[in-house]
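This report concerns only the one structure given below.
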Protein chains: 2
Amino acid sequence: MRSRSTVLETATLGLLTTVPLHGYELRKQLSLLLGPLRAFSYGTLYPVLRSLQQRGLIATVEPTQATAATTARGTSLSGRRGRIVYELTADGKEHLQSVLSSAGPSAWEDENFDVRFALFAQTDADTRLRILEGRRTRLTEKLEAVRESAARIRERLDEYTLELQRHGLEQVEREVRWLDGLITQERGRASRDPRENQKERG
Amino acid sequence: MRSRSTVLETATLGLLTTVPLHGYELRKQLSLLLGPLRAFSYGTLYPVLRSLQQRGLIATVEPTQATAATTARGTSLSGRRGRIVYELTADGKEHLQSVLSSAGPSAWEDENFDVRFALFAQTDADTRLRILEGRRTRLTEKLEAVRESAARIRERLDEYTLELQRHGLEQVEREVRWLDGLITQERGRASRDPRENQKERG
DNA sequence: GTTAGCATGTAAGGAGTTACATGATTTT
DNA sequence: AAAATCATGTAACTCCTTACATGCTAAC
């Protein structure tokens with residue numbers, strides 16, 4: 001079973017569809033794209049960039065006639081320090097599209113939910129709905145399981161544990177309501193424009 | 001630098017202070033203690049249990065005069081299948097207390113927040129406040145940083161990314177308000193009973 | 001007595017961090 | 001020209017999952 005794309009790989013390809021970026025800048029945009037949580041260290045980022053490059057999904061951009069006069073920076077080996085700007089290749093675009101429209105095991109879909117959502121503008125309408133509904137289903141299932149077992153041992157728990165549990169449930173419930181709103185919104189969108197199923201940028 | 005306790009280790013010790021448990025059961029209680037998220041696999045759990053045992057922090061409980069008649073199960077090697085029940089040793093209690101009252105680097109404190117909170121009943125009042133306030137500070141700092149950089153690139157983002165960002169910020173803001181409530185509650189508690197600083201069970 | 005679920009365990013590997021090292025550019 | 005910050009890179013390690021294997025116990 002070929003290992004699926006990681007969060008970071010997908011997010012990187014997603015970000016590079018809009019603008020070519022170098023690693024350092026990419027990292028900043030990532031924490032923006034994925035929220036206050038989820039910052040990746042350079043120790044993860046740079047190896048991933050190289051891997052993507054070796055697989056031909058991204059490529060370095062030559063500085064054309066920019067500020068720097070120091071030539072031969074980019075493609076070949078040895079003395080390449082300073083910014084290395086990457087852009088998405090044709091293969092990369094294709095790969096990203098196939099990742100964005102594919103389904104995976106639920107654990108994978110959960111882990112990747114926020115990236116997938118952040119890249120909804122590049123995702124077709126059917127997949128958007130599938131992702132939102134899939135997440136909704138899994139969250140409510142977990143909610144049900146927790147509520148059930150919580151009921152059985154409620155009296156054995158101290159006030160802090162109870163409060164943590166209450167707060168956790170509330171957070172998930174809120175998430176479900178958020179998803180509900182998005183789902184009805186997507187449905188409305190679909191009925192207004194039934195033909196839409198490819199790229200879109202706002 | 002001796003590696004700090006992991007979430008799972010601390011949670012395990014915390015759960016075992018109340019009741020002796022075997023691994024399988026422990027796992028169920030863990031997902032309850034730590035909310036709908038955070039379920040650990042057996043591949044993680046059992047090695048951790050053995051490690052804790054080897055370090056003398058937990059010990060197997062002999063079945064005394066329980067149902068089973070099959071002797072010599074527990075301590076020594078070879079044929080031990082069926083439940084293995086663990087309890088906290090004196091060393092384990094001591095270790096847990098020292099972990100619960102110690103401070104760590106902020107990344108560690110963030111990762112461990114929920115476990116620490118779940119074990120507040122066994123934590124002294126000063127530490128409770130320190131943990132709550134520390135988390136509040138870190139969250140507001142992140143909030144500020146994200147808001148700031150978000151303002152700079154808002155117009156370059158599509159509607160989905162914006163919605164994700166908005167939702168993320170809202171979640172964190174809500175968390176901060178939750179912490180505020182807990183902090184004032186702890187302060188009130190402290191002024192009503194200024195001497196409390198050790199174990200407590202509800 | 002055999003299926004189903006409880007219970008424990010191990011090996012391989014994935015995804016990420018930390019700590020470190022170093023080069024390039026800007027600021028003072 | 002020194003200091004700060006931008007920018008890239010690597011090695012070792014941690015925590016955890018997956019996939020597998022196996023034994024025990026109860027239900028039918």
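Chain letters run A, B, ... following the sequence lines, proteins first, then strands; residues in each count from 1. All heavy atoms count here, side chains included; hydrogens, waters and symmetry mates do not.
The side chain of L8(A) lies closest to dG16(C), out of dG16(C), dT8(C), dT10(C). In this structure, of dT8(C), dG16(C), dA7(D), it is dA7(D) that holds the atom nearest to the side chain of Y46(A). If you check dG16(C), dG9(D), dC6(C) against the side chain of R50(A), the one that comes closest is dG9(D). For T44(B), the side-chain atoms get nearest to dC16(D) when compared with the rest of dT18(D), dC16(D), dG16(C). The side chain of Y24(A) approaches dA7(D) more closely than any other nucleotide in the set dA7(D), dC16(D), dT18(D). Taking the side chain of T6(B) as heavy atoms from C-beta on, and the options dC15(D), dG9(C), dT8(D), the nearest nucleotide is dC15(D). Checking dG9(C), dT8(D), dG16(C) against the side-chain heavy atoms of I84(A) singles out dT8(D) as nearest.
A straight line from CZ of R38(B) to P of dC16(D) spans 8 Å, rounded to a whole angstrom. Atom-to-atom, CH2 of W108(A) to C1' of dG14(C) comes out at 15 Å; the value is rounded to the nearest Å. In this structure, Y86(A) places its OH atom 5 Å from P of dG9(D), rounding to the nearest Å. We find that OH of Y42(B) is positioned 16 Å from C1' of dA21(D), with the value rounded to whole Å. Following rounding to the nearest Å, R27(A) (CZ) and dG9(D) (P) show an atom-to-atom distance of 15 Å. Put simply, CZ on R83(B) is 15 Å from C1' on dG23(D), counting in whole angstrom units. Protein atom CG of L30(B) is 16 Å distant from nucleotide atom C1' of dA7(C), rounded to whole Å. Going from atom NE2 of H22(A) over to atom P of dT8(D) covers 5 Å, rounded to whole Å.
Side-chain contact check for R83(B) and Y24(B): no donor-acceptor pair (N or O, by modelled atom type) lies under 3.5 Å.
Contacts of G43(A) with the nucleic acid, taken as non-hydrogen atoms under 4.0 Å apart, include base atoms.
Taking both residues in full, the closest heavy atoms of L96(B) and Q122(B) are given as CD2-OE1, 3.6 Å, listed atom of the first, atom of the second, then distance.
Within 6.0 Å of CD on E111(B) lie no more than 12 heavy atoms contributed by other residues, nucleotides or ligands. Under a cut-off of 6.0 angstrom, the local environment of CD in E94(A) is sparse, with at most 12 non-hydrogen atoms contributed by other residues, nucleotides or ligands.
Mapping F40(A) and V85(B) onto DNA chain C by nearest heavy atom places V85(B) closer to the 5' end of the strand. Heavy-atom nearest nucleotides on DNA chain C were determined for G23(B) and for A107(B), and the one closer to the 5' end corresponds to G23(B).
For the OP1/OP2 pair of dG16(C) and a distance below 4.0 Å, the side-chain nitrogens and oxygens of S41(A) include no atom meeting the criterion.
Test R136(B), R174(B), R135(B) against D180(B) for salt bridge (Lys or Arg N to Asp or Glu O under 4.0 Å) and you get one pass: R136(B).
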